[in-house]
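Structure first, then comments.
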Amino acid sequence: MQIKFFNPGLGYSKMKDEIIVEIDRVLSAGDLVLRKDMEDFEKSLAEYVGVKYAVALNSCTDALYLALRALKIGKGDEVLVPSRTFVASAQVIVQAGATPVFYDIDGKMEYSDNIKAIIPVHIEGEFDKHFADILKLAEEKGWHIIEDSAQALGATFNGHKAGSFGTIACFSFYPAKILGAYGDAGALVTDDKDIYEWVKDCRNHFKDSNAEWGINSRMDNLQAAVLNVKFKYLDQILKIRKNIADMYTEGLRGIMGLELPPHTEGRVWQDYIVRTEQRDLLYNFLKEQGIETLKNNYPFPVPKLPQAQSYEDETLRLPCNENLTDEEILEIISKIKEFFKQ
Ligand SMILES: Cc1ncc(COP(=O)(O)O)c(C=O)c1O
């Protein structure tokens, strides 16, 4: 059996009837840039997250970058960010002219008075493990929180959704994300009207105010139309992903040398990641069996902190998306057991 890690073509074929109608409508009307579908998506996202405003952008990377700029963070400023994250969370700090200050998986932080913000990352669908402490610390120090929620749409903490805690939060709708477009897409959410207005103008070259230099980071209206269709199925998608995680955990529990991800309250399943010192051997074995997995490496141009590095060296992402069949998941479980001779 051949099992792909991610199969967007299959996902499309399942929703084709609904999607094709929307694509045809948008293209026939010529509604390509800054149109109603994009505005509808912004409204749906803000309502879903539980915040006042959302701005649809080209990517989560741009959303994080614009978040820093909107907060006037730049040269001479420092921003805390976990070392265990995708490169974009840290890259944007450098892009904005500020300096990233990393914390490792244990959450121990060293910081100076130059810290202006912290970017906790809700990685793999789970809130930053130190989020309760971060909330306290940020309040005490007067830091802004910018939640990197790229991987955590729908996750909750104390009953509130990811994206509803920070001054600003950022989401990704990259195709492999929980809510995936057919190309790049992202968004920034906030309760702050001034930030909202600033980002909305900045994403379109500051054409409204000519106040300063802007960028082009508009979400395509066509992508928004696709996302509006998929949004209706978000709860279903989250449920299917949770069932997959439950099946994996049930099937793989108790294997010596294989660490399974925690089923933390409120988490969502952007990824199902297992940890083993035999990661590369397991990866190769599954590949020979026709099962595509991903090594969980997110390299930086600077060294990762030690715990983040060993986590990345030892972890493997198993296929985890709403298009997998039970038969495929059982096959993956059975091959992993075969590898560990269980
Ligand atoms: C944690 C995290 N932050 C930011 C990003 C950047 O998202 P985008 O690809 O939409 O720019 C990603 C994308 O994978 C991510 O996983």
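All values derive from a computational prediction rather than experimental measurement.
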query = Going by an N to O cut-off under 4.0 Å, is there a salt bridge joining Glu314 and Arg275?
reply = yes

ask   = Name the one of Leu66, Ile168, Val189 that satisfies side chain to side chain contact (heavy atoms under 4.5 Å, CB included) with Ile195?
value = Ile168

query = Picking from Arg267, Glu147, Gln270, what satisfies side chain to side chain donor-acceptor pair (under 3.5 Å) with His122?
reply = Glu147

task = Begin from the C-alpha positions of Lys335 and Glu338 and carry the test salt bridge (Lys or Arg N to Asp or Glu O under 4.0 Å) through to its verdict.
result = CA-CA 5 Å; Lys335 291 300 174 191; Glu338 194 180 317; 3.3 Å; yes

message = Salt bridge or not between Lys242 and Asp246? Use side-chain N to carboxylate O under 4.0 Å.
response = yes

request  = Decide if the gap between the ring center of Phe171 and the ring center of Tyr48 is smaller than 6.0 angstrom.
outcome  = no

query = Using 4.0 Å as the upper bound for N to carboxylate O, is an ion pair formed by Lys232 and Glu18?
reply = yes

message = So, applying salt bridge (charged side-chain N to carboxylate O under 4.0 Å, His left out) with Glu312, which one of Lys304, Arg317, Arg84 is it?
response = Lys304

task = Would you please classify the geometry between the Phe300 ring and the Phe102 ring as parallel, tilted or perpendicular, with 30° and 60° separating the classes?
result = tilted

request  = Please report the closest heavy-atom contact between Ile3 and Glu331, naming both atoms and the distance.
outcome  = CD1-CG, 4.0 Å

ask   = For the residue pair Tyr272 and His263, does the interplanar ring angle fall in the parallel (under 30°), tilted (30 to 60°) or perpendicular (over 60°) class?
value = perpendicular

ask   = Should the ring pair Phe339 and Phe285 be called parallel, tilted or perpendicular, given that the plane angle runs from 0 to 90° and is split at 30 and 60?
value = tilted

inquiry  = Counting the benzene-type ring for Trp, do Phe173 and Phe41 have ring centres under 6.0 Å apart?
reply    = yes

task = Please answer: with hydrophobic residues joined when any side-chain heavy atoms are less than 4.5 Å apart, are Leu324 and Leu10 in the same cluster?
result = no

task = Evaluate side chain to side chain contact (heavy atoms under 4.5 Å, CB included) for Asp184 paired with Tyr174, printing each intermediate quantity in order.
result = CA-CA 5 Å; Asp184 279 308; Tyr174 178 80; 3.6 Å; yes

ask   = Knowing that exactly one of Asn58, Asn216, Asp62, Val55 qualifies, which makes a side chain to side chain contact (heavy atoms under 4.5 Å, CB included) with Arg203?
value = Val55

message = Quick test of your reading of the model: are Glu22 and Arg25 salt-bridged, counting only N-O distances below 4.0 Å?
response = yes

Donor on one side chain, acceptor on other, Asn284 and Glu288, under 3.5 Å = no

